[in-house]
Every structure is written in structure tokens, then in C-alpha cells.
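In what follows, chains carry the letters A, B, and so on, assigned in the order in which the sequence lines appear, proteins first and then strands, with residues in each chain numbered from 1. Since this is a predicted model, take the numbers as computed values, not measurements.
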Amino acid sequence: MTSDSGKSFALKIFNILSKEYPNVKPALNYKTPFELLIATILSAQCTDERVNVVTEKLFQKYKKPKDYLKVPNTELEKDIFSTGFYKQKAKSIKSICKILVEKYNGVVPNDFEELVKLPGVGRKTASVVIGNAFGIPAIAVDTHVKRLSNRLGFINSNDTVKIEFRLEELLPENYWINSSHWLAAHGRKICFARNPKCESCIISKLCPSNKLKQ
DNA sequence: AACTCGGGGCA
DNA sequence: TGCCCAGAGTT
């Protein structure tokens, strides 16, 4: 496949998905970059719905980074308990808030390289914050994006950075963060890891991995 | 590359 | 009661 045909194929796919999933707002509720950072950390291995239940109270109690530093870890662990992995997440959040206060004047930096340096913040979380809270083009690679990128033939690799680069190569910048939303939304609804619903899939005719063709 | 950390949802 | 979900850090 030439580079150009790869790009037109990708555009075709994402234009269809954009109509299927027109709401590209993150399913996480947040009002500030800081809230999105916390919510995204909590969303790891947890549903967005559950995170929203937890953050509704959490964000009333903790407004700024320094507020998280006022309570013992056990209290924060209790406040985020049902998001799973709560001990590590609480530890990460406390460490992050300390760094934000001491190094960044209490403000979340609008820079990918600075964000990924924070403890508990990987490339996916950093990209979500950069892309959604700051409007800077970024590809957020989660397991849905990995799986669908491979099934759709964009790449044959599970390496996060390679997938980021490939999608950046295939798509214009204004598609970047939304493409992550669309793939993740489609992955959750239709293109399951096991037993994907190809019979209900709006892009099955274009998909090289369509099980109905095989 | 494999392992660990943990809940909730669902049949 | 057991399977499924799916990010970051460590070794």
C-alpha cells in the first residue's frame, strides 16, 4: 500500500467513524486541565462512568493540587476507592500534586514532555490532557486504539510509540485526538477484543480483518 | 516480555 | 463464582 492510498483509506475510515460517534468530548467529566489529569489517571483500568461518579464528589473536596497534599494517603485512597488500583493512584496523585506545587506553581504544564515525566502519567494520559484540555494535536493510544489500528491494517505492531507515529503520519492534525476517541468508542461498542460484532460494524466492508469475509 | 496492582459489571 | 475489562511502572 502506498503512503497516499494509506492516507485516503484512513481518512475514509475516520470520516465514517466521525459520523457514527459525533460526540468527541471525552466521556470523563472535567472543568480544568488539572481535573482532566486526575480523572484520566483514575480512569486507568476503570470505566469512565465509574470515574465520573467518583470525581463528582472528589472535585468538590479537592479543588487545587495543594488540597490533595493536605490529607493523608489513606483518606485520598478512601475517596477514590472504587476506581481500582487506588493505592498506587493515590500515591501518584499526591506525588504529582507535590511536583505541580513546587515546580509548576500549581499549574498543569501544557507540554507533553513535561506531563509524561510526572509519576503515574504515561503517554496515553499525557496525550488525553494535551489533546483535550489544551487543544494541542496528540494521539492517545490505549488498547482499543492498538487493537483497531492493527485490525484496520494501519500498522502491524503493538508498540505504542510506533502506533502514535503511524497515525500522525496517516492523519491531518485536526483528526489526531478525535481519531483516538473514535477508535476507542468503536472498540468499546463493536470491535471487541474477543468476538467483535462485525455484523453490526459500519466499516466492516472496508476492514481487512472482517470475520464475515473469512 | 512478563508481571503486578484491584476494583466493578455481568452472566 | 468466575471471567472480562485494559495503563503504567518494574524487573
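Ion pairing of K98(A) with E102(A) is present here, as a side-chain N (NZ or NE/NH1/NH2) and a carboxylate O approach within less than 4.0 Å. Using a 4.0 Å cut-off between charged nitrogen and carboxylate oxygen, K70(A) and D67(A) count as a salt-bridge pair.
Side-chain nitrogen and oxygen atoms of Y86(A) include at least one within less than 4.0 Å of the OP1 or OP2 phosphate oxygen of dG7(B). Between S43(A) and dG7(C), a side-chain N or O to OP1/OP2 separation shorter than 4.0 Å is absent. For R188(A) and dA6(C), the shortest distance from a side-chain N or O to OP1 or OP2 is not below 4.0 Å.
Rounded to whole Å, the distance from CD1 on I190(A) to C1' on dC5(C) is 17 Å. In this structure, Q45(A) places its CD atom 9 Å from P of dA8(C), rounding to the nearest Å. One interatomic measurement links the two molecules: NZ of K146(A) to C1' of dC5(C), which rounds to 15 Å at whole-angstrom precision. R147(A) places its CZ atom 14 Å from the P atom of dC4(C), with the value rounded to the nearest Å. The distance from atom CG of D48(A) to atom C1' of dG7(B) is 15 Å, rounded to the nearest whole Å. The distance between atom NZ of K89(A) and atom P of dA6(C), rounded to the nearest whole Å, is 13 Å. Summarising the geometry, the separation between CG on L42(A) and C1' on dG8(B) is reported as 15 Å, rounded to the nearest angstrom. One interatomic measurement links the two molecules: CZ of F192(A) to C1' of dC5(C), which rounds to 12 Å at whole-angstrom precision.
Screening I136(A), I139(A), I130(A) for a side-chain contact (heavy atoms from CB on, under 4.5 Å) with W176(A), the sole residue that qualifies is I139(A). With L76(A) as the partner, the side-chain contact (heavy atoms from CB on, under 4.5 Å) test is satisfied by one option alone out of K94(A), K91(A), K87(A): K94(A).
Between W182(A) and F14(A), the angle of the ring planes lies from 30° to 60°, which puts this pair in the tilted group.
For the contact set between residues 112-128 of chain A and DNA chain C, defined by any heavy atom under 4.0 Å, the members are L118(A), P119(A), G120(A), V121(A), G122(A), K124(A), T125(A).
In this structure E77(A) satisfies the salt bridge (charged side-chain N to carboxylate O under 4.0 Å, His left out) test with no other residue, sequence neighbours excluded.
Where S82(A) and F85(A) meet DNA chain B, the nucleotide closest to each residue was compared, and F85(A) sits on the side nearer the 5' end.
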Quick one, Y21(A) with H186(A), criterion ring-ring contact (aromatic ring centres under 6.0 Å, His included). Give me CA distance, side-chain angles, the key distance, then yes/no.
CA-CA 8 Å; Y21(A) 307 102; H186(A) 197 59; 5.7 Å; yes
